[in-house]
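Following: one structure in structure tokens, then a few remarks.
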Amino acid sequence: MSNPSNIAALDIGTGSVKAIIVQKRPENSGFKVIGRAENISSGVRKGVVADPQKLSKIISSTVNEACAEMGVEVKEVYTNINGSHISSVSSKGLVSVSRADQKISQEDIDRVIEAAKAFSLPSNKEIMEVIPREFIIDKEGGIKDPLGLQGVRLETEILAITGFSRYIEDVSRAILDADLQVNDLIIGPVAAAKAVLTPEERELGVVLIDIGSGTTSLSVFEEGELVHTAVLPVGTNNIRNDIAVGLRINIETAEFIKNKFGESIFGDRKTKKEKIKVPGEEDVVFQRGELKKIAEPRLIEILEEIQKEIKKISRVGLLPAGVVLTGGGAKISGIVDFTKKKMGYHCRVGFPRRFFPLEDDPSLSVLCGLILCGIEFDEGNGKGFMEMDGIKKVGSKIKKIFKVFIP
Ligand SMILES: Nc1ncnc2c1ncn2[C@@H]1O[C@H](COP(=O)(O)OP(=O)(O)OP(=O)(O)O)[C@@H](O)[C@H]1O
Ligand SMILES: [Mg+2]
């Protein structure tokens, strides 16, 4: 039986599809995971659903496996949406306060947000999320909640997160075809942030980098708010592919070498001539330095792209809480010191901590973040703003998607 005290999340990744079912009520300051499954993904390219039918089968078997553990039933899931089509835009809106007594009402707030949303967007893109950053009443800025305050002129600055409508529809279709309802589609970098960042980090200024198989996403927080997000179409698969080409070996061996000898990628000059032998049908022998030469430029390229994003929002050198790395790529040994050196920020690995009995695994951040978002949305549905540590969703904005809406 589907049980309202349980909540399910589905992380559609390029490398794997992961599902967990969690009891909503926390126990001993943590959450009990009552079902979990992970399968190799299919029909997903660089975070984007390329074949909804193929993906639907994997979703179905993954959720069924997670349910089978404890004999529970799942009918609806919170899911992520990923891909480099996702971008964030800042926009401003202005309205006159409508009431004669000049008290700002919910209707004024809704109107000013609508005004800020009226920026030009290509017809194949849509706004997925709106995060009001601040409200300005009669030129007095920095106001978080204007409801009930007095003024004549109400302005707002929002961060709007947009994505291609077609890709959003394809994710929904894959889930619906697996006979599941979509409770909400939450962008990956926002979900991951929910699970791994501390309130202090968000307040101080931090960039979260989720390195997955096919994508690297980032979300920047400052003064508790999301200020920027972007998804790059490169991930650990690119490093693996480079190793396969560079050492002239098959993909499986390249993946093995990347995961097992990660420290060589950042190794020092002294050990570069050291030989490594990987036994197999045909032994693979290479020098540590060769691996470094192949993989290091790819990681530098990823970090440079991230620096460009930070530069776009003029925050270079301005994020005191530094970098938090998460996603499967955060497991590459030596990546923390390397990131520190290359980006010039403090750096740590972030993984979800309060989910039992899950191990400390950064590749589970999106999944656990989706559960935390889901719990807060369920509790906050119907409020003016649903606030989740700096991510304010406007109105009762849960986008329940049922099969009937998609032909
Ligand atoms: N020890 C390790 N060293 C290096 N890489 C690792 C290690 N363990 C896992 N990985 C990499 O992590 C990747 C999986 O990460 P993750 O589950 O975050 O990706 P995903 O969510 O499927 O992809 P995406 O988010 O890009 O769509 C694997 O492709 C693997 O290469
Ligand atoms: Mg991922």
Side-chain angles (χ1 to χ4, degrees), residues 9-20 36-50 55 58-59 62 79-86 163 167 170-171 174 185-196 208-219 229-244 251-266 291 294-296 298-299 302 305 324-336 338-339 349-352 358-370:
L10 181 70
D11 174 1
I12 300 174
T14 314
S16 66
V17 172
K18 311 174 187 82
I20 50 171
R36 175 191 180 185
E38 178 167 357
N39 285 306
I40 294 174
S41 191
S42 179
V44 182
R45 200 173 301 136
K46 295 185 183 294
V48 169
V49 177
L55 175 64
I58 309 281
I59 291 174
T62 308
T79 307
N80 64 326
I81 177 146
N82 198 8
S84 58
H85 62 108
I86 294 169
Y167 293 160
D170 283 348
V171 180
L185 290 176
I186 299 161
I187 64 155
V190 163
K194 182 77 188 152
V196 305
L208 176 72
I209 306 174
D210 176 349
I211 308 175
S213 299
T215 62
T216 297
S217 63
L218 76 147
S219 47
T229 188
V231 181
L232 313 172
V234 268
T236 59
N237 282 354
N238 300 80
I239 302 170
R240 176 201 65 189
N241 297 351
D242 290 351
I243 295 173
I251 285 287
E252 292 74 28
T253 315
E255 176 75 12
F256 175 80
I257 289 172
K258 168 176 66 69
N259 296 355
K260 181 106 198 295
F261 303 103
E263 78 285 355
S264 308
I265 300 173
F266 314 113
L291 192 55
I294 296 165
E296 201 182 53
R298 188 59 92 161
L299 275 157
I302 293 175
E305 286 301 315
V324 177
L325 294 175
T326 198
K331 291 194 256 183
I332 301 175
S333 54
I335 196 165
V336 167
F338 184 74
T339 306
V349 171
F351 44 79
L358 293 189
E359 63 279 10
D360 295 342
D361 184 344
S363 70
L364 302 175
S365 302
V366 167
L367 203 53
C368 294
L370 287 169

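Counting starts at 1 for both ligands and their atoms, following the listed order.
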Heavy-atom contacts with T236 under 4.0 Å: which atoms of ligand 1 show up? List them by number with element. 11 (C), 13 (C), 28 (C), 29 (O), 30 (C), 31 (O)
Please list, in number order, the atoms of ligand 1 under 4.0 Å from a heavy atom of G13. 20 (P), 21 (O), 22 (O), 27 (O)
For ligand 1, which atoms, with element, lie under 4.0 Å from some heavy atom of G327? 18 (O)
More than 12 heavy atoms from other groups under 6.0 Å of CZ on F261: yes
Taking only heavy atoms of T215 into account, list the atoms of ligand 1 that are under 4.0 Å away from them. 24 (P), 25 (O), 26 (O), 27 (O)
Can you tell me if K18 contacts ligand 1 (heavy atom of the residue under 4.0 Å from the ligand)? yes
Tell me the protein heavy atom at minimum distance from atom 8 (N) of ligand 1, and give that distance in Å. K331 CE, 3.6 Å
If I apply the N/O under 3.5 Å rule, does I12 come out as touching ligand 1? no
G15, any N or O under 3.5 Å of ligand 1 N or O: yes
Would you call V234 and E305 a side-chain contact if the rule is heavy atoms closer than 4.5 Å? no
Side chain to side chain, C368 and I20, heavy atoms closer than 4.5 Å: yes
Taking side chain as C-beta onward, heavy atoms only, is T216 less than 4.5 Å from I209? yes
Test item, G262 contacting ligand 1 (heavy atom, 4.0 angstrom): no
Counting from 1, what ligand 1 atoms have a heavy atom of G329 closer than 4.0 Å? 12 (O)
Is ligand 1 less than 4.0 angstrom away from at least one heavy atom of G235? no
Is there any N or O on K258 that sits under 3.5 Å from an N or O of ligand 1? yes
Looking only at heavy atoms, which two atoms of D360 and P352 are closest? And how far apart? OD1-O, 4.4 Å
Atom indices of ligand 1, in the order listed, that fall short of 4.0 Å to a heavy atom of G212: 18 (O), 19 (O), 23 (O), 24 (P), 25 (O), 26 (O)
For ligand 1, which atoms, with element, lie under 4.0 Å from some heavy atom of S363? 17 (O), 18 (O)
Distance-only, no hydrogens or angles: does the T236 side chain make a donor-acceptor pair with backbone N or O of G214 under 3.5 Å? no
Backbone N/O of G235 and side chain of N238: donor-acceptor pair under 3.5 Å: yes
Would you say that K18 contacts V366 through its side chain, given a criterion of any heavy-atom pair below 4.5 Å between the two side chains? no
Heavy-atom side-chain proximity of K331 to D361 below 4.5 angstrom: yes
Has T326 got a side-chain atom pairing as donor or acceptor with F351's backbone, closer than 3.5 angstrom? no
Mind checking side chain to side chain contact (heavy atoms under 4.5 Å, CB included) for S217 and listing every partner two or more places apart, or none if nothing turns up? P189, D210, V231
Can you tell me which portion of V44 lies within the under-4.0 Å heavy-atom range of ligand 1? Options are side chain, backbone, both, or neither. neither
Please determine if E255 has a nitrogen or oxygen closer than 3.5 Å to a nitrogen or oxygen of ligand 1. yes
Does the side chain of I335 reach to within under 4.5 Å of the side chain of I211, using non-hydrogen atoms? yes
Relative to atom 28 (C) of ligand 1, which among G328, S333, S213 owns the nearest non-hydrogen atom? S213
What residue and atom, counting heavy atoms only, is the protein's closest point to atom 27 (O) of ligand 1, and at what distance? T14 OG1, 2.6 Å
With a 4.0 Å heavy-atom cut-off (strictly under), which part of N259 contacts ligand 1: side chain, backbone, both or neither? both
Quick one: does G214 get an N or O within less than 3.5 Å of an N or O on ligand 1? yes
